[in-house]
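Have a look at the structure below, then the notes.
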Protein chains: 2
Amino acid sequence: MIRVLVCDDEQLLREALGRIVDVADDLHVVGLAENGSQALELVAKHSPDVVLMDIRMPVLDGIEATRLIVRAHPATRVLILTTYDLDSYVYAALQAGASGFLLKDAPSERLRDGVRIVAAGNSVLAPEATTRMIEALRPDLPDESDQHLLAAIQTLTDREREVLTLLAAGHSNQAIADHLHLSRHTIKIHVSNILAKLNLPDRIQAVLAHTRLRPHL
Amino acid sequence: MIRVLVCDDEQLLREALGRIVDVADDLHVVGLAENGSQALELVAKHSPDVVLMDIRMPVLDGIEATRLIVRAHPATRVLILTTYDLDSYVYAALQAGASGFLLKDAPSERLRDGVRIVAAGNSVLAPEATTRMIEALRPDLPDESDQHLLAAIQTLTDREREVLTLLAAGHSNQAIADHLHLSRHTIKIHVSNILAKLNLPDRIQAVLAHTRLRPHL
DNA sequence: ATCCGACTAGTACCGGAGCACTACGCACTG
DNA sequence: CAGTGCGTAGTGCTCCGGTACTAGTCGGAT
C-alpha cells in the first residue's frame with residue numbers, strides 16, 4: 001500500500017485529487033495539506049511514501065516545501081503537480097529534489113501511475129516536459145564547422161590521440177612527457193603534428209575543440 | 001481513434017500486445033508485423049498513427065526500422081518497446097527518431113497511455129530511463145574543489161571578468177587587447193591578477209576552469 | 001629488399017606567456 | 001587631504017610553446 005499526502009491550496013482540487021488517488025486499491029491518502037508548511041508537518045506526522053505537491057501556494061510554496069521535505073525525510077518522494085508547464089518550473093522542481101512533475105490536466109490514471117512510479121524510486125515527467133527534455137539532450141550534433149574536426153581527429157595516430165587527450169586536460173608538454181616517459185621534444189613534435197592535422201593555431205584552441213567535441217568522441 | 005501497428009518477432013507477445021492495445025476504446029490495432037521490414041510495408045499500407053516496435057528482431061531490427069519509418073512517414077510515431085533497459089538502446093532509439101521508449105514489463109495501462117502520448121505528438125520514457133536522463137541532465141553541482149573558484153571569481157573586478165571571458169574563449173593577450181582597445185601589457189596585468197586571484201598556474205587552466213564552471217556562472 | 005610512415009630524440013630560433021618592478025590618472029573614502 | 005583600489009602603460013626577464021631541420025629505429029607494405 002502506497003501512502004500518499006496531497007498538498008494543494010484549493011480545497012476542491014485537494015479533495016478531488018484525494019479521491020482520484022484513493023480509488024486505486026494500492027494507493028491510500030493519509031492526509032491533506034493546504035500549503036507547504038502544513039505539508040511539512042503532516043509528512044513528519046505520517047511519513048507518507050509520496051507527496052502530491054502543488055507549486056503555487058501561500059505561506060510556503062511547493063518548491064521550497066519539496067526542498068525541505070526531501071532533506072528532512074529522504075524516504076518520502078515528492079511528485080509535483082501543477083497547472084503550468086513551464087520549463088523553469090520543471091527545472092526548479094527537479095533541482096529541489098522532486099521525483100516527478102505532472103500536469104493537472106493529466107488523465108487520472110496517469111496521475112495514479114505517476115504515484116506508483118515515484119513510490120518505486122523512479123522519476124516521471126509530463127509528456128510535454130519529456131519531449132522538451134529529449135530535445136534539449138539531442139542538440140548534441142556537432143556544429144557544421146566542427147564536423148571536419150571530428151574527421152580530422154580520426155586521421156590522428158593512436159599516440160597523437162593519446163597526447164591530445166593529455167593536452168586537452170591542460171597538461172604542459174613537459175608533464176605529458178613525464179607521464180608517457182618520453183622526452184619533451186618528442187611531445188612537441190606530436191603536438192605540432194596534431195595542430196597541423198586539425199588545422200588549429202595553438203594548443204589552447206585544441207583544448208577548446210576537444211572539450212567541445214568530448215561528447216562525440 | 002488512434003491506429004496502432006504492433007511489431008514484434010515473438011508471435012505470442014505480438015498477439016498479446018495487440019489485445020492489450022485493443023481493449024481501449026480509443027485505440028485500434030490495424031496490423032501485426034514480425035520484423036522491421038514487414039513493419040515498413042504495413043506502415044506504408046495502413047499509415048498507422050503509432051507503431052509499437054521491438055528492438056531485437058530478425059531481418060531488420062527495430063532501430064533501423066524506426067529510422068526508415070520516420071523518414072518515409074513523418075506522421076507515424078514510433079514507440080519502442082523492449083525487454084532491456086539499456087541506456088544505449090534508449091539513446092539509439094531516440095536518435096533514430098522514436099517518440100517513446102517503454103519496457104515490456106510495464107503495466108498494460110502505462111503502455112496504452114504511452115501510445116496516447118506519442119499519438120498526441122509528445123514523448124514518453126520508461127520511468128527508469130527518465131530517472132537516468134534527469135540525472136544526466138542535472139547540471140551536477142560544482143566539485144568541492146571548484147567551489148572556491150566560484151567564490152574567487154566573484155572577487156574579480158568587472159574588467160577582469162571581461163578579460164577572463166575573452167581569455168576563456170581562446171583569445172591571445174594581443175587579441176584581447178585589440179578587442180578592448182587596450183595595450184597588450186595591460187591585458188597581461190589583468191591576466192596575471194586573474195590567475196593570482198583564482199590561484200591558477202596558467203591561462204590554460206583558466207580556460208578549463210571557465211568551461212567547467214560555465215553552467216554555473 | 002626497399003620504401004614509407006610512425007615514433008623517438010635532439011638543436012636552434014622566435015614569439016607569446018607570465019612575473020617583477022615602476023608609474024600615472026581617477027574615483028572613492030576616511 | 002591622504003590613502004586605497006582600479007585601470008592603464010611600460011621595460012626587462014625567464015620559461016614555455018611552436019616551428020624548422022636533422023636523424024635514428026621499427027614495422028608494415030610494395
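Naming: A, B, ... by sequence-line order, numbering from 1 per chain. Note that the coordinates shown come from a computational prediction; the quantities given were computed from them, not determined experimentally.
Remark: B:Asp113 pairs with A:Arg110 by the side-chain hydrogen bond (donor to acceptor under 3.5 Å, both in side chains) rule, at least two apart or across chains. With sequence neighbours excluded, the residues that form a side-chain hydrogen bond (donor to acceptor under 3.5 Å, both in side chains) with A:Arg161 are A:Asp158. The side-chain hydrogen bond (donor to acceptor under 3.5 Å, both in side chains) check on A:His171 picks up nothing, with sequence neighbours excluded. The side-chain hydrogen bond (donor to acceptor under 3.5 Å, both in side chains) search around A:Arg214 returns A:His210, not counting sequence neighbours.
One finds no side-chain N or O of B:Thr186 lying less than 4.0 angstrom from the OP1 or OP2 phosphate oxygen of D:dG7. The phosphate of D:dT8 has OP1 or OP2 within less than 4.0 Å of a side-chain N or O from B:His190.
Rounded to whole Å, atom P of D:dC6 lies 11 Å from atom CZ of B:Arg161. Atom C1' of nucleotide D:dG17 and atom CD1 of A:Ile187 are separated by 13 Å, given to the nearest angstrom.
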What does the list of N/O pairs under 3.5 Å between the protein and nucleotides 25-30 of chain C look like, with a distance for each?
none

What's touching nucleotides 15-19 of chain C from the protein side, N or O pairs under 3.5 Å?
unit_1	atom_1	unit_2	atom_2	d
C:dA17	OP1	B:Asn173	N	3.4
C:dG18	OP1	B:Arg203	N	2.5
C:dG18	OP2	B:Arg203	NH1	2.6
C:dG18	N7	B:Lys188	NZ	2.9
C:dG18	O6	B:Lys188	NZ	2.8
C:dC19	OP2	B:Ser192	OG	2.9

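Counting non-hydrogen atoms under 4.0 angstrom, B:Thr157 reaches the backbone sugars and phosphates but no base.
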Tabulate below the donor-acceptor pairs under 3.5 Å that side-chain atoms of residues 60-67 of chain A make, not counting sequence neighbours, or state none.
unit_1	atom_1	unit_2	atom_2	d
A:Asp61	OD1	A:Ile63	N	2.9
A:Asp61	OD1	A:Glu64	N	3.3
A:Glu64	OE2	A:Arg67	NE	3.0
A:Glu64	OE2	A:Arg67	NH2	3.3
A:Thr66	OG1	A:Gly62	O	2.6

Listed pairs under 3.5 Å, donor-acceptor, residues 184-191 of chain A side chains, sequence neighbours left out:
unit_1	atom_1	unit_2	atom_2	d
A:Thr186	OG1	A:Ser183	OG	3.4

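Considering B:Val78, B:Val124, B:Val51 in turn, B:Val124 is the only one that fulfils the side-chain contact (heavy atoms from CB on, under 4.5 Å) rule with B:Val118.
Screening residues 42-54 of chain B for side chain to side chain donor-acceptor pair (under 3.5 Å), with sequence neighbours left out, gives B:Asp54-B:Lys104.
Residues A:Ser183 and A:Lys197 both approach DNA chain C. Their nearest nucleotides, taken by heavy-atom distance, put A:Lys197 toward the 5′ side.
With C:dG10, C:dT8, D:dA9 as the candidates, the nucleotide lying closest to the side chain of B:Ile189 is D:dA9.
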